[in-house]
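Start at 1 and go down the list; that is how both ligands and their atoms are numbered.
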Amino acid sequence: MADRISTLVMFGATGDLARRMLLPSLYGLDSDGLLPDNLRIIGTARTELDDAGFRERGTSALQEHLPEDFYAAGIAERFLSRLHYVPLDITQPAGFEGLAKAIGDPCHGVAIFLSTAPSLFKPTIDGLAAAGLACPTVRMALEKPLGTDLESSREINDAVAAHFPEDRTFRIDHYLGKETVQNLIALRFANLMFEPLWNSTHIDHVQITVAETVGLEGRGDYYDGAGALRDMVQNHMLQLLALVAMEPPSDFNATAVRDEKVKVLRALRPIGAADAELATVTGQYARGAIDGEPVPGYDEEIGRDSATETFVALKAHIDNWRWKGVPFYLRTGKRMPMRDTEIFIQFKDVPYSIFASRGATTRPNKLVIGLQPEETISLHLMAKAPGLDRQGVRLREIPLDIGLANAFSEYRRRIAYERLLLDLIEGDPTLFVRRDEVEAQWAWIDRIRAAWAEKGMSPKPYPAGTWGPSAAIALTERDGISWNE
Ligand code: BG6
């Protein structure tokens, strides 16, 4: 599968993802000369548009979402000339023939990117197959949500697998396209010093936080049926956890990396009804303020009473030799005080302090990998404060900070989708999620949801602009641990 494709078909081409992410990402690749010269991009959606109309939308998407100094009219002109549009009503099989005609001979390599409602996946795939578009030179990329639970995800996976074998199926988790997420793999496996310490002998616990300041962003219809557990934990956070916890793969290739991730996902200890109240917390934002600006509560935003969680905190365990007894605390929420995505590794303290007799205390080392808003790696070490130490030794924790933006200032910061779209175009599935991973993720999440239902747990309110309900603090404090803030 190393052949580059010559046609990229975008289902959902008039949607938000295409406008904010996909078109700007493709432009970025084009401006760096990375798209195949002959690549055509065919957008399709129900809206009646022609090529010119789609190009007009493309222009405004680029102008709105690219940094001003990156948008160049000359490159935009070349890029826009790649865009074509075929209106298509997925429920009408005839439309697929029009699409097949626009694509021409699929032997030249086609990638199809589905970012539509999951209920449309099956009819779309059946329509494509009936129009002769499921042949061995066609790849299928699927954007989340891939179902709402294990059963519906299996149905989607079965529908896809009926026409597209796994090696031509590219399930997107855009977190895997983020530079810092890939840097986590480099940090762990391109340096000698971390791996010997990366286990329960030396690591006390791990925290993964994905905090957002945004609320519903006009996606209420989808979000209210999903909630934070399914929207963020099932996919992005479990992928981060798997990358932190996996064994060293034998190679940086799709099979080796995904084999290791799935082992972690399968080793997640189920959280059932007996543990749900102690191991999970859910919340929903109420009216509050972010950066001094008042923001409405969730119910108010959505216009009705809702029991959907916009915050979740969990204590997870991975039942294997490496991680025995090491809690992984995960939390994510909307309308938090700041945008902050980080992985925090808390090491254990030195086994014995030679400085105790000199009045100094040591603090255990920490490694903080910041993903957003800045890409940073920060290793907190103990150092002696300058001085003659007449009143005893003074030790202080100091960070060894690497800002990746500075360290690699000559590189452009890319949108995560640039990497994923290029890998799709070139046929490299390493950073895409395999079926067994998605299903292991759903199995774990379904169990938690069933436990919430069994216990009648509902989200606790938290004022917008705070770090979630106080129970989230208690979740870690019970173990003598504080969230890294
Ligand atoms: C999406 C979720 O998958 O990820 C959104 O559906 C969320 O609710 C988004 O806001 C967060 O992505 P990022 O890249 O901004 O952290």
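The shortest N/O to N/O separation between Thr341 and ligand 1 does not fall below 3.5 Å. Taking distance alone, with nitrogen or oxygen atoms compared against 3.5 Å, Tyr223 stays at or beyond that limit from ligand 1. Where the criterion is an N or O separation shorter than 3.5 Å, residue side chain and backbone included, His174 meets it with respect to ligand 1. For a threshold of 3.5 Å applied to N or O pairs, the pair formed by Tyr175 and ligand 1 contains at least one separation below that value.
With hydrogens and angles left out, the side-chain atoms of Tyr222 and Asp231 include a donor and acceptor closer than 3.5 Å. Using modelled atom types, one finds a donor on one side chain and an acceptor on the other under 3.5 Å when comparing Thr341 with Gln372. Between the side chains of Lys144 and Gln234, no donor-acceptor pair of N or O atoms lies under 3.5 Å. Side-chain polar atoms of Thr180 and Asn183 form no donor-acceptor pair below 3.5 angstrom.
Taking 4.0 Å as the cut-off between side-chain N and carboxylate O, Lys334 and Glu301 do not count as a salt-bridged pair. Under 4.0 Å is where a charged nitrogen must lie from a carboxylate oxygen, and between Arg154 and Asp158 no such pair does.
Of the protein's non-hydrogen atoms, the one nearest atom 14 (O) of ligand 1 is Lys178 NZ, 2.6 Å. Scanning all protein heavy atoms for the shortest distance to atom 8 (O) of ligand 1 gives Asp231 OD2, 2.6 Å. Given atom 3 (O) of ligand 1, the protein heavy atom at minimum distance is His236 NE2, 2.6 Å. The nearest protein atom to atom 15 (O) of ligand 1, hydrogens excluded, is given as Arg339 NH1, 3.3 Å; this is a heavy-atom distance. The nearest protein atom to atom 7 (C) of ligand 1, hydrogens excluded, is given as Glu212 OE2, 3.4 Å; this is a heavy-atom distance.
Counting the atoms of ligand 1 from 1 in the order shown, those under 4.0 Å from a heavy atom of Met232 are 2 (C), 4 (O), 7 (C). Atoms of ligand 1 found under 4.0 Å from any heavy atom of Lys334, numbered from 1 in the order shown, are 5 (C), 7 (C), 8 (O), 10 (O). Against a heavy-atom cut-off of under 4.0 Å, Gln372 is close to the following atoms of ligand 1: 13 (P), 14 (O), 16 (O). Ligand 1 places these atoms under 4.0 Å from at least one heavy atom of Arg219: 2 (C), 5 (C), 6 (O), 8 (O). Residue contact check: Lys144 has heavy atoms under 4.0 Å from atoms 1 (C), 2 (C), 3 (O), 6 (O) of ligand 1.
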May I have the step-by-step check of side-chain hydrogen bond (donor to acceptor under 3.5 Å, both in side chains) for Trp452 and Thr280, ending in yes or no?
CA-CA 9 Å; Trp452 288 349; Thr280 72; 3.0 Å; yes
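Of the possible polar contacts, one joining the Gln284 side chain to the Ser306 backbone as a donor-acceptor pair under 3.5 Å is found.
Across every non-hydrogen atom of Gly58 and Leu23, the tightest pair is CA-CD1, 4.1 Å.
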